[in-house]
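For reference, the structure discussed in these notes is given below.
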Amino acid sequence: MTVKLTRWDSAQHLDSEEAIQAYLDACVEESKGDPTFIVYALGVIARARNMSQLSRDTGISREGLYKAFSEEGNPTFSTIAKVASALGLTLTLQPQSTNT
């Protein structure tokens with residue numbers, strides 16, 4: 001018996017705002033402060049939303065977006081901010097909680 005395997009693509013399952021928020025929350029929690037993990041998650045969300053539309057909304061070419069969010073990519077903060085805004089996300093910085 002032959003088993004056919006397919007590559008898992010999280011973007012295919014991010015079909016609602018609730019799913020996207022749950023995915024992003026899980027990625028932030030799992031990242032343990034690794035910014036590349038968060039950038040990867042943002043790229044997955046971008047692919048789920050429609051990279052062509054995101055390109056029009058940000059003024060960044062589709063190819064540029066794919067490159068920025070690839071494994072070899074290293075997007076600038078400006079790119080991340082533009083993409084987050086176009087996706088309807090807000091970047092928030094807050095003090096870390098302290099355990100006293």
With sequence neighbours left out, write down each residue that passes side chain to side chain donor-acceptor pair (under 3.5 Å) with Asn50, or none if nothing qualifies.
none

Applying salt bridge (Lys or Arg N to Asp or Glu O under 4.0 Å) as the test, list every pair that has at least one member in residues 16-30; sequence neighbours left out.
Glu17-Arg49

Got a sec, which residues hit side chain to side chain donor-acceptor pair (under 3.5 Å) with Ser85, two or more places apart in sequence or on another chain?
none

Residues in side-chain contact (heavy atoms from CB on, under 4.5 Å) contact with Asp57, at least two apart in sequence or another chain:
Gln53, Ala86

Listed partners of Glu63 passing salt bridge (Lys or Arg N to Asp or Glu O under 4.0 Å), at least two apart
none

Can any side-chain N or O of Ser55 pair as donor or acceptor with the backbone N or O of Ile60 at less than 3.5 Å?
yes

side-chain contact (heavy atoms from CB on, under 4.5 Å) partners for Val44, two or more places apart:
Ser10, Ala11, Leu14, Tyr23, Tyr40, Arg47

By side chain to side chain donor-acceptor pair (under 3.5 Å), Thr79 pairs with (sequence neighbours left out) Thr76

From Ile38 atom CD1 to Ile80 atom CD1, the distance as rounded to the nearest 0.5 Å
10.0 Å

Here the ring-ring contact (aromatic ring centres under 6.0 Å, His included) pairs for residues 47-73, sequence neighbours left out, are none

Under the rule for side-chain contact (heavy atoms from CB on, under 4.5 Å), what residues qualify as partners of Thr92, not counting sequence neighbours?
Thr90, Gln94

Applying the side chain to side chain contact (heavy atoms under 4.5 Å, CB included) test to Val83, which of Ile45, Val39, Leu54 qualifies?
Leu54

Identify, with sequence neighbours excluded, every residue that meets side chain to side chain donor-acceptor pair (under 3.5 Å) alongside Thr36.
Asp34

Partner residues of Leu89 under the side-chain contact (heavy atoms from CB on, under 4.5 Å) criterion, sequence neighbours left out:
Leu24, Leu42, Ala84, Leu87

